[in-house]
2 protein chains.
Amino acid sequence: MQITTWNVNSVRTRLEQVTNWLKTHPEVDLLCLQETKVIDADFPQAAFTELGYHTYIYGQKSYNGVAMISRQPLSDVQMGFTAVLERDLGDLDEQRRLITGVIDQVRIVNMYVPNGSSLDSDKYDYKLRWLETLRQYLKILLDQDDEPSQILICGDFNVAVEDIDIHNPAKRETKVMATDAEREALQAVLDLGFKDVFRKFTQSGGHYSWWDYRTGGFQRNQGWRIDYHFLTEALYDRAIACTIDIEPRKLPQPSDHTPVIVEIS
Amino acid sequence: MQITTWNVNSVRTRLEQVTNWLKTHPEVDLLCLQETKVIDADFPQAAFTELGYHTYIYGQKSYNGVAMISRQPLSDVQMGFTAVLERDLGDLDEQRRLITGVIDQVRIVNMYVPNGSSLDSDKYDYKLRWLETLRQYLKILLDQDDEPSQILICGDFNVAVEDIDIHNPAKRETKVMATDAEREALQAVLDLGFKDVFRKFTQSGGHYSWWDYRTGGFQRNQGWRIDYHFLTEALYDRAIACTIDIEPRKLPQPSDHTPVIVEIS
DNA sequence: GACAACGCTG
DNA sequence: CAGCGTTGTC
């Protein structure tokens, strides 16, 4: 089974690139999208159903929005934190950033973690609170799951977990995406029992999933690895490959992110 | 000598269409553009100079803007009413709607007449005042010119001069572009001694230069003839053809207007 | 740098 | 329906 995560930065603008990618990657069973930036009514479902996929969408206009494009139907699909946490989360579940479903006894959680803007902003605080809520949410999913848990969480985490996941980690504490506070908040999530499956196969640096549009850093491979698949132990053991496909980032008018694919035996 | 008028509705968006049109119409000596929608600093001059044309631009951001693209250098180029009327025109010369120059002893005046919005608007009043100012402006040009005057005024006049210039003239008094007041204001201009050269060669209706994007009227040829070449008597006598080229309107992402070409012996 | 929305104009 | 500019976001 192959699962891909890809922040497409508008599914409508990138529609042809996404469908072309699916056509050239028929072995991919599930594509998890982030930043679809479109309300459900305007999501280009037909483009995917015509190719034989099932679509599960949880969208919002302009910002955020996630979707899952699956060869097989998913079961137990749920949107947002509230469906699982069953309490009022205030502002933490207003934005559409998280969708989950089950395929072949594996629960997939596809998410778009808040970016955080700047360290002194309310958005940064929101990001930390969101990650803590994610921890609580995943704890329940883990408790609900049969042992051993087979859960995969993937998406754009907007955090680089290690210094080798950043092209220049020197001033990492001054900007969002790699501060200690963000890493600790994410680590608390991973401590529930999730492992970065890319590192099962690749220990070297220089492998990134996102390159800023502004600095033109893709040409010089000045990027960040912020898109991940984190797997529970049992699933991690079954993983046989995890790769980053940088080809879509080379196309004209690309997303700033590129797909990350994991294969599970 | 062939002269073309074309409201391109943004010269940057339409640049390739415009240069392609020039390439396929090498016999055109002068192309008069309206609604270039760009300040002079950002006008894509190089695209025209590379093709061997001289450019004369009088631009404005977002709205209006006129330009002349000429095989031969133009002489005595002037922008706006004020250069000729030499008095303070208040708001009537703030918008960049008029440029003039001389080629082969023929004075060309290229203009974009205000649209007028709706009958009860200040813009409608502005349109009528603008046309009266145009009359005063042309009177001076005529007085300055050697007898017999060889003046051609062309552009988007935003007025249909006759009922056969409108696909459905029934309710023409309720909307802008063919009310009696607009026609009278334009007629006062033409009474200085200008004639609609298209009608020298074609008397039938159904010939238009503009089709509204909104109503999709191009498919059913529901348009308006609002782009003209008006010529002084001496020049009118020398005209040997005047045609509307609807091909550019058939292209993807077209301007809502299409070129009108006049040929003078 | 790129995307989407909104307001304005035609 | 299509253009531009502005704002907000990342």
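The analysis underlying the following values was restricted to heavy atoms, covering all of them including side chains, and did not include hydrogens, waters or symmetry mates. We name chains A, B, ... by the order of the sequence lines, and we start the count at 1 in each one. All of these numbers come straight from a predicted model, not from anything done at the bench.
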- Message: I'd like to know whether the aromatic ring centres of B/F198 and B/H229 sit less than 6.0 Å apart in this structure.
- Response: no

- Task: Determine the sole option in A/I244, A/T243, A/D245 for which the side chain to side chain contact (heavy atoms under 4.5 Å, CB included) test with A/V260 is passed.
- Result: A/I244

- Task: Give me the one residue out of A/N7, A/N110, A/N158, A/D156 that meets side-chain hydrogen bond (donor to acceptor under 3.5 Å, both in side chains) with A/Q34.
- Result: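 It is A/N110, the one option of A/N7, A/N110, A/N158, A/D156 that forms the side-chain hydrogen bond (donor to acceptor under 3.5 Å, both in side chains) with A/Q34.
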
- Note on the structure: Within residues 13-23 of chain B, the residues having a heavy atom closer than 4.0 Å to DNA chain D are B/T13, B/R14

- Interface residues of residues 157-182 of chain A with DNA chain D (non-hydrogen, below 4.0 angstrom): none

How are the rings of [X] and [Y] set to each other: parallel, tilted or perpendicular (split at 30° and 60°)?
{"X": "B/F230", "Y": "B/F157", "result": "perpendicular"}
{"X": "B/F48", "Y": "B/F43", "result": "tilted"}
{"X": "B/Y208", "Y": "B/H167", "result": "perpendicular"}
{"X": "A/F218", "Y": "A/W211", "result": "perpendicular"}

- Residue pairs fulfilling salt bridge (charged side-chain N to carboxylate O under 4.0 Å, His left out) with at least one residue in residues 218-229 of chain B, sequence neighbours excluded: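 As it turns out, the salt bridge (charged side-chain N to carboxylate O under 4.0 Å, His left out) pairs with a partner in residues 218-229 of chain B, which skip direct neighbours, are B/D165-B/R225, B/D196-B/R225.
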
- Any B/L119 side-chain heavy atom under 4.5 Å of B/T179 side chain: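 Yes, at least one pair of side-chain atoms sits under 4.5 Å.
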
- Query: Heavy-atom distance under 4.5 Å between the side chains of B/M111 and B/I153, does that happen here?
  - Reply: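 Side chain of B/M111 against side chain of B/I153, heavy atoms only: contact under 4.5 Å found.
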
Donor-acceptor list for residues 170-177 of chain B side chains, cut-off 3.5 Å, not counting sequence neighbours:
from   : atom 1 : to     : atom 2 : distance (Å)
B/R172 : NE     : B/D163 : OD1    : 3.2
B/R172 : NH1    : B/A178 : O      : 2.8
B/R172 : NH1    : B/D180 : OD1    : 3.1
B/R172 : NH2    : B/D180 : OD1    : 3.2
B/E173 : OE2    : B/D180 : N      : 2.7
B/T174 : OG1    : B/K171 : O      : 2.8

- Query: Between which nucleotides of DNA chain C, read 5' to 3', does contact with chain B run, using atoms under 4.0 Å from its heavy atoms?
  - Reply: C/dC8 to C/dG10

- Query: On DNA chain C, nearest-nucleotide positions of B/Y213 versus A/T215: which is more 5'?
  - Reply: A/T215

- Item | Sugar-phosphate only, base, or nothing, as touched by B/F218 at under 4.0 Å among non-hydrogen atoms |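 Nothing, no heavy atom under 4.0 Å.
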
- Message: Does A/R97 form a side chain to side chain donor-acceptor pair (under 3.5 Å) with A/N64? I'd like the steps, not just the answer.
- Response: CA-CA 6 Å; A/R97 297 180 170 276; A/N64 315 311; 3.1 Å; yes

- Extract, from 5' to 3' on DNA chain D, the first and final nucleotides lying under 4.0 angstrom from some heavy atom of chain A.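 Listing 5' to 3', DNA chain D meets chain A from D/dG8 to D/dC10.
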
- Query: So, A/N9 versus A/K37: side-chain donor-acceptor pair below 3.5 Å or not?
  - Reply: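 There is such a pair between these side chains.
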
